[in-house]
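Quick note: numbers below take in every heavy atom, side chains included, and nothing from hydrogens, waters or symmetry partners.
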Amino acid sequence: MASDTVSTSKEDADLRLKWSGRWTLAHRILALNLITVLLVGLSTLYLDVFRNHLSRERVRQTRIEATATALAIDAAGPEDQEPILATVTKSTGSRMRIYRPDGQLIADSWHLTGPTYELRDPSTQKWNKDVARALDRGFNAIVGARPLDEFIEPPVDRLQSWPEAVRAEATRKATTAVRSAPDLTPVISAAVPLKAGILLATTNDRAFTRTVRSQRAIIAAAMAVLVAISIFLSLFLARTIVRPLRRLAVAAHRVRLGRSREISVPRLPNRRDEIGLLARAVADMSQSLRHRIDNIEAFAADVTHELKNPLASLRSAVDGLDRVEDPELREKLKRIVREDVARLDRLIGDISEAARTDAELARARFEKVDLGLLIENIVHAWETRRETGDARIAFARPRKETAVVMGKPDRLARAINAIIDNAVSFSPPGGLVEVAAARVGDKVRIRIDDEGPGVPPEAREAIFNRFHSVRPEGENFGRHSGLGLAIAQAIVNGHDGEIDVQDRDDAPSGARFTIRLPAADRE
């Protein structure tokens, strides 16, 4: 098993974050999704708005051209109609037709100039045009554009074949329409009333389609940039989430196996997100687990050593009973057997209590405990069983409910009782043990003073070790297991408190044990 678990306090270079170190995972994921959706939405909205605006502008331009031509025809004589149509058709690339009120076609600019535009057959075009048309249909579906009617030249060219011309005749106002050529390019028509008849202008606006597709190409480039940004953000999330999680998983696996001398668990101190909290929690958990395992191993070794001494004495006394004939000596060996059995019983009880203290406190539900009342009961119990020559105990009881902590009453009583027991055992006959409890700031302080020889500075930490065996002169061997102060320290630590021992500053000799526990109302 590994002897130590090292939790790194410095963040590895490949796990370090700079400007995004304080972002939570929810913020990063939300930002990635919002940026992607926002850019796609803006791109689609821009292209749709641009196309609609361009379409309205081209329709308006065709209507203006038709209206201007109609005014020119009305102002000129009949002999000038065809020259006007030819001139306008050559300059605009449109097709101009004039119908009489009865619907008869009387003039067609293509008869004068020839065709000025061509409706192309999609089957004769290259594959890239098919792709462009597929993209056109897809975009129309995304934005919900209304499909255009197909433009078809009527077999019999009369005014009644053109709905926009019929509306213009009925309303005496200029009317427009937009249809779709076979290759999905728009065909714009404008019908304008004449003094005698209707002027119909039609044009296949291929420039409109080229302009829209050009803008779509720009949008496609922007989408490529968007994809690159999405990939970058995905890699960013992978770096900030997956990599540290993988590192933590590997560290946790190594902790589980326990085969390494040093198990490095990254703490990610600069991160304030959930990954940072998890890293520090796993590091602390690993360190605590390693510390517990080391304590268990050391405790098992100490228990083995401590049990061997009374067992060896017991075995020697039992073996001697078979060989000794002297009644007085046999009685002495029996007394040794009884004392060793009592010592083993006491030792096993204390070992059991020490072993379960940490686990019991880890799952305990704390409650409010008035230490004044608790210590008063402990002192009363000592006074009740005090024998002649024992030390006296004086308790300065605090005001009611001023020394209140959160904890388990029986465990706190066990810790305080162990300190009082230690103070009594080191006190001279008739000595005074003073106990006091008071609220100091956000802590409740318990002070236990005795009149014994005190504790040398070099031994003030060792006395809290398990099976510490320095006892006062004259005490019967085996009366104490050496676990009392260790159990007291474990209980105090389990209540987020601390315990220490110093020399008394108000007496020539004696030790002062001080326990500090968080007050119950501390925020």
Min side-chain heavy-atom separation [X]-[Y] under 4.5 Å:
| X | Y | value |
| --- | --- | --- |
| Leu412 | His495 | yes |
| Ile463 | Phe513 | yes |
| Leu184 | Arg137 | yes |

Partners of [X] by salt bridge (Lys or Arg N to Asp or Glu O under 4.0 Å), sequence neighbours excluded?
| X | result |
| --- | --- |
| Glu461 | none |
| Glu451 | none |
| Arg280 | none |
| Asp370 | none |

To the nearest 0.5 Å, what is the distance between [atom1] on [X] and [atom2] on [Y]?
| X | Y | atom1 | atom2 | value |
| --- | --- | --- | --- | --- |
| Ile515 | Leu371 | CD1 | CG | 9.0 Å |
| Asp410 | Asn417 | CG | CG | 12.0 Å |
| Arg392 | Glu434 | CZ | CD | 9.5 Å |
| Ile491 | Lys408 | CD1 | NZ | 10.5 Å |
| Asn493 | Glu498 | CG | CD | 9.0 Å |
| Ile499 | Leu485 | CD1 | CG | 7.0 Å |

[X]: partners by side chain to side chain donor-acceptor pair (under 3.5 Å), with sequence neighbours left out:
| X | result |
| --- | --- |
| Asn128 | none |
| Gln502 | Arg460 |
| Arg397 | Glu376 |
| Arg445 | none |

Which heavy atom in [X] sits nearest to a heavy atom in [Y], and how many Å separate them?
| X | Y | value |
| --- | --- | --- |
| Gly452 | Ser509 | O-OG, 3.4 Å |
| Val444 | Ala403 | CG1-CB, 3.7 Å |
| Gly497 | Leu517 | CA-CD2, 3.9 Å |
| Phe208 | Arg58 | N-NH1, 3.3 Å |
| Thr211 | Phe50 | CG2-CZ, 3.7 Å |
| Leu374 | Pro409 | CD1-O, 3.9 Å |

>> Salt bridge check, Asp500 against Arg516: does any charged N sit closer than 4.0 Å to a carboxylate O?
In response: yes
Identify, with sequence neighbours excluded, every residue that meets side-chain contact (heavy atoms from CB on, under 4.5 Å) alongside [X].
| X | value |
| --- | --- |
| Ala436 | Ala396, Arg447 |
| Ala488 | Ala415, Ala418, Ile419 |
| Arg213 | Lys129, Ala132, Arg133, Asp136, Thr209, Arg216 |
| Glu331 | Lys334, Arg338 |

> Hey, mind stepping through Asp506 and Arg512 against side chain to side chain contact (heavy atoms under 4.5 Å, CB included) and telling me if it holds?
Replying inline: CA-CA 10 Å; Asp506 58 351; Arg512 170 172 291 171; 3.3 Å; yes
>> Given Val455, which partner from the list Asp503, Asn422, Val501 fulfils the side chain to side chain contact (heavy atoms under 4.5 Å, CB included) test?
In response: Val501
>> Ring centres under 6.0 Å, that's the criterion: do His380 and Phe395 meet it?
In response: no
>> Determine whether a donor-acceptor pair (N or O, by modelled atom type, separation under 3.5 Å) exists between the side chain of Ser425 and the backbone of Asp421.
In response: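 Here the side-chain-to-backbone pair exists.
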>> I'd like to know whether CD of Glu458 has more than 12 heavy-atom contacts from other residues, nucleotides or ligands below 6.0 angstrom.
In response: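 Check passes, neighbour count above 12.
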